[in-house]
Amino acid sequence: MQDTPDWVERFHGLSRLDLPTKQLLTTRSTIIEVAKDTMLFGPGNSPENMLFLLDGTVRVQQVSETGHEIVLYRIEAGQSCVLTTACLLAYDDYSAEGITETKVKAAAVPRTVFDDLVAQSKSFRDFVFAAFSKRITDLFLMIDEVAFQRLDVRLAGVLIKLPSEDDKIATTHEKLSKELGTAREVVSRQLQEFQRRGWISTGRGNVTLLDRDAIAKLAGQES
């Protein structure tokens, strides 16, 4: 991983801040590293820091009282955690959990610094609310998909988006069900249909795309 003394420059909105504000962020922040498959935050916890992801991926998911899970979004390098933003602004606890999908490196900015900058720096405030607005829009799109879009179309979209090596995706029926917010059995039936059409093959812990073009066409992402 890269050295990060000037991590602020890796975030488009923050790179436009005035020099004193940048220096405040870098001097008051702490660079943290977290192992893969670690819970960064969860329901009932209150955030003490604003997190800016420098390396890795974090999956933010909602878990119901019955244990049903759905992936809300992912935080990638160069992004901040908008759920943390919302909790900091509202002085509220987390209502979802964040799990590291890879080894993660992040800059943690204390709540006191965050509060001061939101109150005093228009550029920082613009950055915070621009990221917040975009993620809220993404969440509304996800709600629309869950409520109104056919499962086969949504599953095709997930298969196209997930990282793969030579079109082999390291995933399971259970993980895909969490991505889609549906039952594992429903996903298994749909994967079997894709396999019957010759679009995919499945193995233990993986799905291989045999006809990426057909899957992309179903997902509405064909070039």
Worksheet item: If you measure from CG on L88 to CG on N49, what distance do you get to the nearest 0.5 Å?
Response: 8.5 Å
Practice prompt. Could you walk me through whether D55 and V104 pass the side-chain contact (heavy atoms from CB on, under 4.5 Å) test, one step at a time?
Written response: CA-CA 5 Å; D55 292 289; V104 159; over 6 Å; no
Item to complete: Assign the ring pair F52 / F11 to parallel, tilted or perpendicular, where the plane angle (0 to 90°) is split at 30° and 60°.
Response: perpendicular
Item to complete: Please test K168 against E165 for salt bridge (Lys or Arg N to Asp or Glu O under 4.0 Å), starting from the C-alpha separation and ending with a verdict.
Response: CA-CA 5 Å; K168 179 176 283 189; E165 184 173 345; over 6 Å; no
Practice prompt. Indicate yes or no for a side-chain donor-acceptor contact from T26 to the backbone of Q23 under 3.5 Å, with no hydrogens or angles considered.
Written response: yes
Item to complete: Could you check if a side-chain atom of D211 sits within less than 4.5 angstrom of a side-chain atom of I215, using non-hydrogen atoms only?
Response: no
Item to complete: Mark yes or no for whether D115, through its side chain, and T112, through its backbone, hold a donor-acceptor pair below 3.5 Å.
Response: no
Discussion item. For T57, run the side chain to side chain donor-acceptor pair (under 3.5 Å) check against K36, R74, K103, E76 and tell me which one passes.
Written reply: E76
Practice prompt. Just do the side-chain contact (heavy atoms from CB on, under 4.5 Å) check on L191 and H173 with the steps written out, would you?
Written response: CA-CA 8 Å; L191 287 173; H173 295 202; 3.5 Å; yes
Response to the item:
d(L24 CG, F124 CZ) to nearest 0.5 Å is 9.5 Å
Worksheet item: Pick one: which of T208, N206, L209 meets side chain to side chain contact (heavy atoms under 4.5 Å, CB included) with S201?
Response: T208
Practice prompt. Hey, can you tell me if F129 and F132 have their rings parallel, tilted or perpendicular (30° and 60° cut-offs)?
Written response: perpendicular
Worksheet item: Heavy-atom distance under 4.5 Å between the side chains of Q61 and L72, does that happen here?
Response: no
Worksheet item: If you round to the nearest 0.5 Å, how far is OG of S123 from CZ of R16?
Response: 7.5 Å
Fill in: Pair R135-Q79, side-chain donor/acceptor within less than 3.5 Å
yes
Worksheet item: Hey, are the side chains of Y73 and V82 touching, using non-hydrogen atoms and a 4.5 Å cut-off?
Response: yes
Worksheet entry | Closest non-hydrogen atom pair, M50 against S80 | CE-CB, 3.6 Å
Worksheet item: Distance from Q190 atom CD to D152 atom CG, nearest 0.5 Å?
Response: 5.0 Å
Practice prompt. Evaluate the side-chain proximity of Q195 to T202: yes if any heavy-atom separation is below 4.5 Å, no if none is.
Written response: yes
Discussion item. Membership question, hydrophobic clusters at under 4.5 Å side-chain separation (ILVMFWY): are L162 and V186 in the same one?
Written reply: yes
Worksheet item: Is a side-chain donor-acceptor pair under 3.5 Å present for Q62 with E69?
Response: no
Discussion item. Using the rule given for salt bridge (Lys or Arg N to Asp or Glu O under 4.0 Å), can you reason through K122 versus D126, listing the C-alpha separation, both sets of side-chain angles and the distance that settles it, and then say yes or no?
Written reply: CA-CA 6 Å; K122 181 181 183 302; D126 288 346; 2.8 Å; yes
Worksheet entry | Step-by-step side-chain contact (heavy atoms from CB on, under 4.5 Å) determination, I99 to L40 | CA-CA 6 Å; I99 310 293; L40 274 180; over 6 Å; no
Worksheet item: Of all residues at least two apart in sequence or in a different chain, which pass the salt bridge (charged side-chain N to carboxylate O under 4.0 Å, His left out) check with R204?
Response: none
Worksheet, complete the sentence: Nearest heavy-atom contact between G205 and T172 is CA-CG2, 4.0 Å
Item to complete: Might you point out which heavy atoms bring L151 and T182 nearest each other, and give the distance in Å?
Response: CD1-CG2, 4.0 Å
Discussion item. Quick one: does any side-chain atom of T38 pair with a main-chain N or O of V34 as donor and acceptor, under 3.5 Å?
Written reply: no
Worksheet item: Given side chains that start at C-beta, do those of E174 and K178 come closer than 4.5 Å, heavy atoms only?
Response: yes
Worksheet item: Is the closest side-chain heavy-atom distance between T171 and V158 below 4.5 Å?
Response: no
Fill in: Nearest heavy-atom neighbours spanning T102 and G56
OG1-CA, 3.0 Å
Worksheet, complete the sentence: Nearest heavy-atom contact between V60 and A96 is CG1-CB, 4.3 Å
Item to complete: Look at the side-chain heavy atoms of Ile, Leu, Val, Met, Phe, Trp and Tyr, link any pair under 4.5 Å apart, and say whether V153 and L180 land in one connected group.
Response: yes
Practice prompt. Answer with yes or no whether the hydrophobic clustering places V71 together with V63; edges join I, L, V, M, F, W, Y residues whose side-chain heavy atoms lie under 4.5 Å apart.
Written response: no
Worksheet item: Using a distance-only test with no angle check, is there a side-chain donor-acceptor pair under 3.5 angstrom linking W7 and S29?
Response: yes
Fill in: Side-chain heavy-atom pair C81, V58 within 4.5 angstrom cut-off
no
Discussion item. I'd like to know if V187 and L218 are part of one continuous hydrophobic network [Ile/Leu/Val/Met/Phe/Trp/Tyr, side-chain heavy atoms within less than 4.5 Å].
Written reply: yes
Worksheet item: V8 and L19: same hydrophobic cluster, using ILVMFWY side-chain contacts below 4.5 Å?
Response: no
Discussion item. Go through it in stages, so that I can follow the logic: the residues are F41 and C87, the test is side-chain contact (heavy atoms from CB on, under 4.5 Å), and I'd like the CA-CA distance, side-chain angles, deciding distance and then a yes or no.
Written reply: CA-CA 11 Å; F41 53 79; C87 292; over 6 Å; no
Worksheet item: Atom CG of D167 and atom CD1 of I200: how far apart are they, to the nearest 0.5 Å?
Response: 12.0 Å
Worksheet item: Which value, rounded to the nearest 0.5 Å, describes the distance between N45 atom CG and M39 atom CE?
Response: 8.0 Å
Worksheet item: Who pairs with K22 by salt bridge (charged side-chain N to carboxylate O under 4.0 Å, His left out), at least two apart in sequence or on another chain?
Response: E9
Practice prompt. Establish, yes or no, whether the cationic atom of R197 lies under 6.0 Å from the six-membered ring centre of W199 and within 45° of the ring axis.
Written response: yes
Worksheet entry | Where P47 and R111 come nearest, the two heavy atoms and their spacing | O-NH2, 2.9 Å
Discussion item. Please check: side-chain N/O of T100 versus main-chain N/O of D37, any donor-acceptor pairing under 3.5 Å?
Written reply: yes
Practice prompt. Run through E101, E179, E97 and flag the one making a salt bridge (Lys or Arg N to Asp or Glu O under 4.0 Å) with R59.
Written response: E101
Worksheet entry | Donor on one side chain, acceptor on other, S46 and Y91, under 3.5 Å | no
Worksheet entry | Residues D18 and T21: side-chain donor-acceptor under 3.5 angstrom | yes
